[in-house]
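Just follow the structure's listing: the first ligand is 1, and inside any ligand the first atom is 1. Quick note: residue numbers are just sequence positions, from 1.
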Amino acid sequence: MPAKMLDGPKVASLINAETAEEVKALTQAGLRPGLAAVLVGNDPASEVYVRSKTKACDELNIYSEKITPPADVTTEKMLQLVRELNAREDIDGILIQLPLPRPLNTERILMEVLPAKDVDGFHPLNVGFLSTQRPGLVPCTPMGCIELLRRSGIPIEKQDAVVVGRSDIVGKPMAMLLTNANATVTLCHSKTKDLIGMCKRADILVVAMGRAGTITKEHVKIGATVVDVGINRVADPEEFKRLFAGNAKREDSFARHGYTLAGDCHPNVAEVASVMSPVPGGVGPLTIAMLMSNTVKAAKMRRGVHLKTTVGVGY
Ligand code: GUN
């Protein structure tokens, strides 16, 4: 029986409805949450991401401001901008859309963001809070994966979990969150000796390596839950054929657009997994939902408001 597909948009809209309630309560108390999104230059993919983030703010009635410095902005100017946003009372969250253009010092700029406003959870202080299970701001995509599992009724405690990919944004915090949720976690990466053997042990396999269709049914234990975090643009006809030959819907879309979006899992993973998150329609919408909930969380923490919270509890 093919794997049951997790419904990312449905879970995201449940979370967004809860966040909207919290925004309403804060706004009534005169504390409307605000997010500043900084987009440097004109990378088309980043423009799409930032647009969907500010659109989500509009839908949830979160104040948002898009700041668009030119591609040749200096690191000093960026540091000054971040300091101004840090000092603003109406801004609770600061998001620096990555990647930044080449000569900019990304490390220095990200470090300048006040940890209390770091809604991406990238600052080392927030990384430390996560690792020691203290309250803080947690990276959005891995937190979204946990919420997707939790709200789909997939148990995490006592499960063997394998994460493929050790990025600071997804893989490492994902391993930490699963550990905090009492899974037994193995973190694999490009230098892992026996990737297939490691993956095959997983009850929960989270794949975040950024290479289309790399994880195949050979990597997956029968009955496992697979969360595919990859979003890859496949434009090469040979690669398209390897992944989607015979899939009429994909073939039609590829013919019309010249590319398709594929996860890190080959479609044949669905033959052995019992549950999996599709691409698109899986983790993507959760990332934005968690950014919204982090903005509200940042507002509440900074202003010492104690409202009932249902998103991201206990991690
Ligand atoms: N670029 C790709 N993913 C992300 C993310 O999660 N946050 C930010 N700020 N930029 C990104």
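- When only interatomic distances are considered, the shortest N/O to N/O separation between Pro99 and ligand 1 does not fall below 3.5 Å.
- To the nearest 0.5 angstrom, Ile196 atom CD1 is 6.0 Å from Thr216 atom OG1.
- Counting heavy atoms under 4.0 Å from ligand 1, residue Thr287 does not touch it at all.
- Electrostatic pairing of Arg303 and Glu89 counts as a salt bridge here, judged by a charged N lying under 4.0 Å from a carboxylate O.
- In terms of protein heavy-atom proximity, atom 4 (C) of ligand 1 is nearest to Gln97 NE2, 4.4 Å.
- Here the heavy atom of the protein found nearest to atom 1 (N) of ligand 1 is Leu98 O, 2.9 Å.
- For ligand 1, the atoms lying closer than 4.0 Å to a non-hydrogen atom of Ile96 are 8 (C), 9 (N).
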Salt bridge (charged side-chain N to carboxylate O under 4.0 Å, His left out) evaluation trace for Glu22 with Lys300
CA-CA 10 Å; Glu22 300 203 45; Lys300 290 195 307 189; 2.5 Å; yes
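- With rounding to the nearest 0.5 angstrom, the OG1 atom of Thr19 is 12.5 Å from the CD atom of Glu59.
- Ranking the protein heavy atoms by distance from atom 6 (O) of ligand 1 puts Asp120 OD1, 3.8 Å first.
- In summary, Lys117 and Asp92 do not engage in a salt bridge, as defined by a charged side-chain N under 4.0 Å from a carboxylate O.
- Under a 4.0 angstrom heavy-atom cut-off, Thr141 registers as lying outside contact with ligand 1.
- Under a cutoff of 6.0 Å and an axis angle of 45°, Arg134 and Phe129 do not form a cation-pi pair.
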